[in-house]
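What follows is a set of notes on a single structure, which appears directly below.
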Amino acid sequence: MKILIVKLSAIGDVLHTLPALALLRQCLPESSLDWVVEEKAAGILVGHPQLDTVIISGRKRWLHDLARPSRWPAVFREAATFVRELRSEQYDLVIDFQGLFKSAILVLLSRGACKIGFGKTRELSYLALTHSIDPSPAELHAIDKNIGLVEAVLKLKGLSVKGRPAQKTGAAQHHYSASDGMALPGEKDNARVDALLHASRIDRTSPLILVNAPAG
């Protein structure tokens, strides 16, 4: 089975979708799993061991560059290449975790036989779906909402979910934590850090405190 995940942004929202990816891989181990994401959050997914392909959209950069007519040819070439890549596979299943107009456009562009997501979403994005499920309660954590969507997909395909004991996360109960599905840093990541420290003349053997206030 070929599956496309549509979750474009933002960084925190993409992180909250990783447990859903882990569940899909757990229950459909032989499936091909692709993910379409925007550039800012792509670094979380590129090289992820549970993904086969990451399709990267430069939407925000393209919109910014449209203000400069000299950039139009490059923007149109990049956008056309992106659309060709998005449509290069005949997906059995497309899952829209975003539920916005920008994700609905990509759901429509993709060649998906079955398109599933939440119903009654903002910007009428559910109109792009072939199957919609009832929206989750507003107070439900984003991780649980995404897991619920995967459970609906598996039920639609006649598959069962192998449950795991619930664990406390704050005041709520979650079967999965935000770290489920997170890929550990690889050799390329370590090399980038080494290069950054070297360029900043920082001795890696000395104590180092890193403060990253914004998510980006």
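Atom set for the values below is all heavy atoms of this structure, side chains included, hydrogens, waters and symmetry mates excluded. The first residue of the sequence shown is numbered 1, and numbering continues consecutively from there.
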(request) Not counting sequence neighbours, list each pair that qualifies as a ring pair (Phe, Tyr, Trp, His ring centres under 6.0 Å) and has a residue in residues 77-134. (result) Trp62-Phe82
(message) Any heavy-atom pair between the side chains of Leu18 and Leu15 that's under 4.5 Å?
(response) yes
(request) List the atom of Asp96, the atom of Gly99, and the distance in Å for their closest heavy-atom pair. (result) OD1-N, 3.1 Å
(request) Please tell me if the side chains of Glu39 and Arg61 come closer than 4.5 Å, counting only heavy atoms from C-beta onward. (result) yes
(message) With a 4.5 Å cut-off on side-chain heavy atoms, are His141 and His16 touching?
(response) yes
(request) Report yes or no: do Leu23 and Leu93 belong to one cluster of Ile/Leu/Val/Met/Phe/Trp/Tyr joined by side chain heavy-atom distances under 4.5 Å? (result) yes
(message) By the side chain to side chain donor-acceptor pair (under 3.5 Å) test, which pairs, at least two apart or in different chains, include something from residues 104-123?
(response) Gln90-Arg111, Thr121-Ser125
(request) Please name the pair of heavy atoms, one in Leu8 and one in Lys102, separated by the smallest distance, quoted to 0.1 Å. (result) CD1-CG, 3.8 Å
(request) Hey, could you give me the CD/NZ distance between Glu139 and Lys145, rounded to the nearest 0.5 Å? (result) 8.0 Å
(message) So for atom CZ, which belongs to Arg192, do other residues, nucleotides or ligands contribute more than 12 heavy atoms lying within a distance under 6.0 Å?
(response) no
(message) Applying side chain to side chain donor-acceptor pair (under 3.5 Å) as the test, list every pair that has at least one member in residues 65-75; sequence neighbours left out.
(response) Asp65-Arg71
(request) State the CG-CG distance between Leu86 and Leu106, to the nearest 0.5 angstrom. (result) 6.0 Å
(message) Counting C-beta onward and ignoring hydrogens, is there a side-chain heavy-atom pair between Leu24 and Ser31 closer than 4.5 Å?
(response) no
(request) Could you grab the distance from atom CD1 of Ile55 to atom OG1 of Thr81, nearest 0.5 Å is fine? (result) 12.5 Å
(message) Using the rule side-chain contact (heavy atoms from CB on, under 4.5 Å), only one of Ile116, Leu4, Val107, Thr17 pairs with Ile95; which is it?
(response) Ile116
(message) Hydrophobic clustering (ILVMFWY, side-chain heavy atoms < 4.5 Å, transitive) - are Leu21 and Val6 grouped together?
(response) no
(request) Would you indicate whether the side-chain heavy atoms of Lys40 and Ile11 approach each other to under 4.5 Å? (result) yes
(message) Please enumerate all residues that pass side-chain contact (heavy atoms from CB on, under 4.5 Å) together with Ser132, with sequence neighbours excluded.
(response) Leu129
(request) To the nearest 0.5 Å, tell me how far Asp144 CG sits from Glu151 CD. (result) 9.0 Å
(message) Let me confirm one number: the CG-OG distance from Leu100 to Ser9, rounded to the nearest 0.5 Å.
(response) 7.5 Å
(message) Membership question, hydrophobic clusters at under 4.5 Å side-chain separation (ILVMFWY): are Leu156 and Met1 in the same one?
(response) yes
(message) Are Ile105 and Val94 connected into the same hydrophobic cluster when the rule is that any two of I, L, V, M, F, W, Y join if their side-chain heavy atoms are below 4.5 Å apart?
(response) yes
(request) Grab the two heavy atoms, one from Pro69 and one from Ala67, that are nearest each other, plus how far apart they are. (result) CD-O, 3.5 Å
(request) Compare every heavy atom of Val14 with every heavy atom of Ala41, then report the nearest pair and how far apart it is. (result) CB-CG2, 3.8 Å
Taking distance alone, no hydrogens or angles, what donor-acceptor pairs closer than 3.5 Å link side-chain atoms of residues 42-54 to residues at least two apart or in another chain?
{"residue": "His48", "atom": "ND1", "partner": "Gln50", "partner atom": "N", "Å": "3.0"}
{"residue": "His48", "atom": "NE2", "partner": "Gly181", "partner atom": "O", "Å": "2.2"}
{"residue": "Asp52", "atom": "OD2", "partner": "Arg25", "partner atom": "NH2", "Å": "3.1"}
{"residue": "Asp52", "atom": "OD2", "partner": "Leu33", "partner atom": "N", "Å": "2.7"}

(message) If I compare all heavy atoms of Ile133 with all of Gly148, which pair ends up nearest, and what's the gap?
(response) CD1-O, 4.3 Å
(message) Using the rule that Ile, Leu, Val, Met, Phe, Trp and Tyr join whenever any side-chain heavy atoms are under 4.5 Å apart, tell me whether Val83 and Leu63 fall into a single cluster.
(response) yes
(request) To the nearest 0.5 Å, tell me how far Leu28 CG sits from Glu30 CD. (result) 10.0 Å
(request) Supply the members, apart from Val193, of the Ile/Leu/Val/Met/Phe/Trp/Tyr cluster built from side-chain contacts under 4.5 Å; use none for a lone residue. (result) Leu197, Ile202, Leu208
